[in-house]
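Here the structure comes first, spelled out in structure tokens, and everything after it is commentary.
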2 protein chains.
Amino acid sequence: MAPREDKKEIIIENAVAVFAEKGYYKATTAMVAKAAGVTQPYVFHFFKNKEELFKAVIDRAFGRIYDTFSEVQAPANKLMETMGRAFEQIVQTHRDEVLMVMQAHAIAEEGIREHVKNLFLTIFDSLTLKFENAGLPNAKQTASHFVGTGLLITVAEVLDLPQLTNKVDH
Amino acid sequence: MAPREDKKEIIIENAVAVFAEKGYYKATTAMVAKAAGVTQPYVFHFFKNKEELFKAVIDRAFGRIYDTFSEVQAPANKLMETMGRAFEQIVQTHRDEVLMVMQAHAIAEEGIREHVKNLFLTIFDSLTLKFENAGLPNAKQTASHFVGTGLLITVAEVLDLPQLTNKVDH
DNA sequence: TTTTATTTATTTATCAATAAATAAATGTCA
DNA sequence: TGACATTTATTTATTGATAAATAAATAAAA
């Protein structure tokens, strides 16, 4: 038998894919279970309820984006461009997680909305700080522009509209 | 008794509010009916199903944004700023509709996604054309920046994070 | 009196969540 | 070492709730 933590990990990984494709409400715990190769009630052995499962998944998605941005190192005049490329990298390698981040704010569950709000703000603040530390002027406006562009790229992904991101500048 | 078209109108208006607050999946047709002052099954007299009701609502929301942008007239050097103010105006006067536009892309129903995709693209293209006609260079990039900023403003509204939009430039 | 407007009553379907049961693994000590 | 005991992993079966959608009935107006 697989150790407990392994199964939990497997469930989260598969839940990312299911939630990203179906969205929070159309994704059923049965689908997640099936994808992970366990039975539906067993999911509740690891997560108190569907909402907690989703939070675990969204933590992972935001965490990867946060970590990626944190690790970027570049001279001030190349920082924006390098960060932009880093984001595009994540969009390619972990598309599902990026889609989830985009969809997360549209979930009406109060607990989830609060959670997403905090995660979103954490990323925004860390970006602002990074731009500040790099000595860029108007760090906050720069962060706004950066995040706005990221949102557009993500919406274009969600709606399958590659035209929108052909010539976005960084 | 109220004429048919009036009731349909009333249902749409109330559906905007309900969908904006609850989101597509948590909003029930019973809620919409109650808000509109009719019975739940009667909603189906005007709309084939919940999806068609939602499409009618989303058409209205996108339509208002589209019309607003179309009507803006300003000299090239003030166009961006004027457009930005026009959008902020809509956010204030028709907050629910703007929230709906933001949430619409996160709906997994294929029919809705396709519908939203077309509406989104229509607005983006009309913006690009407007910037082109005004003689602005890089009309497409300008439109991207404009829409990206709009998305950020809207996400900030959805998540109730006014900090994010304090100093967004236009 | 025949449409039009609208309600009440019901059906069908779907899910999250719980409870109870089973099976496999691990440890203990004679 | 091998039988017994205990824990850990996992499944089957079921419930309770909710919501969309349909059909039949009623009331008002033209």
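Per chain, numbering begins at 1; letters A, B, ... match sequence-line order. For clarity, every value in this text was computed on a predicted model and none was experimentally measured.
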Choosing from [options], which nucleotide comes nearest the side chain of [X]?
X	options	result
P41(A)	dA20(D), dA16(C), dA13(D)	dA13(D)
Y42(B)	dA17(C), dT6(C), dA20(D)	dT6(C)
T28(B)	dA20(D), dT10(D), dT6(C)	dA20(D)
F44(B)	dA20(D), dA16(C), dT7(C)	dA20(D)

Integer-rounded Å distance: [N] [atom2] and [X] [atom1]:
X	N	atom1	atom2	answer
E51(A)	dC15(C)	CD	C1'	16 Å
K7(B)	dA28(D)	NZ	C1'	13 Å
D6(B)	dT4(C)	CG	P	17 Å
I11(B)	dT6(C)	CD1	C1'	11 Å
E52(B)	dA20(D)	CD	P	15 Å
F47(B)	dA20(D)	CZ	P	15 Å
I10(B)	dT6(C)	CD1	C1'	14 Å
N49(A)	dT18(C)	CG	P	8 Å

Just to verify, what does Y25(A) make a ring pair (Phe, Tyr, Trp, His ring centres under 6.0 Å) with, not counting sequence neighbours? Y25(B)

Residues which pass ring pair (Phe, Tyr, Trp, His ring centres under 6.0 Å) with F120(A), listed by chain and number, not counting sequence neighbours: none

So if I take residues 29-39 of chain A and measure heavy-atom distances to DNA chain D, which residues fall below 4.0 Å? V38(A), T39(A)

Going by number, which of residues 13-27 of chain A have a non-hydrogen atom under 4.0 Å from DNA chain D? none

Basic-acidic side-chain contact under 4.0 Å: [X], [Y]:
X	Y	result
E109(A)	K26(B)	yes
E52(A)	K55(A)	yes
E9(B)	R60(B)	yes

Check this one for me: any side-chain N or O of K50(B) less than 4.0 Å away from OP1 or OP2 of dA19(D)? no

Between the base of dA19(D) and the side chain of Q40(B), is there a donor and acceptor pair under 3.5 angstrom? no

Donor-acceptor contacts under 3.5 Å from residues 91-101 of chain A side chains, at least two apart:
from   : atom 1 : to      : atom 2 : distance (Å)
T93(A) : OG1    : Q89(A)  : O      : 3.1
H94(A) : NE2    : R64(A)  : NH1    : 3.3
R95(A) : NE     : E157(A) : OE1    : 2.7
R95(A) : NH2    : E157(A) : O      : 3.2
R95(A) : NH2    : E157(A) : OE1    : 3.2
E97(A) : OE1    : R64(A)  : NE     : 2.5
E97(A) : OE2    : R64(A)  : NE     : 3.4
E97(A) : OE2    : R64(A)  : NH2    : 3.0

Donor-acceptor check, side chain of K50(B) to backbone of Y24(B), threshold 3.5 angstrom: yes or no? yes

Parallel, tilted or perpendicular for F54(A) and F19(A), by the 30°/60° rule? perpendicular

With sequence neighbours left out, the residues meeting side-chain hydrogen bond (donor to acceptor under 3.5 Å, both in side chains) with E132(A) are none

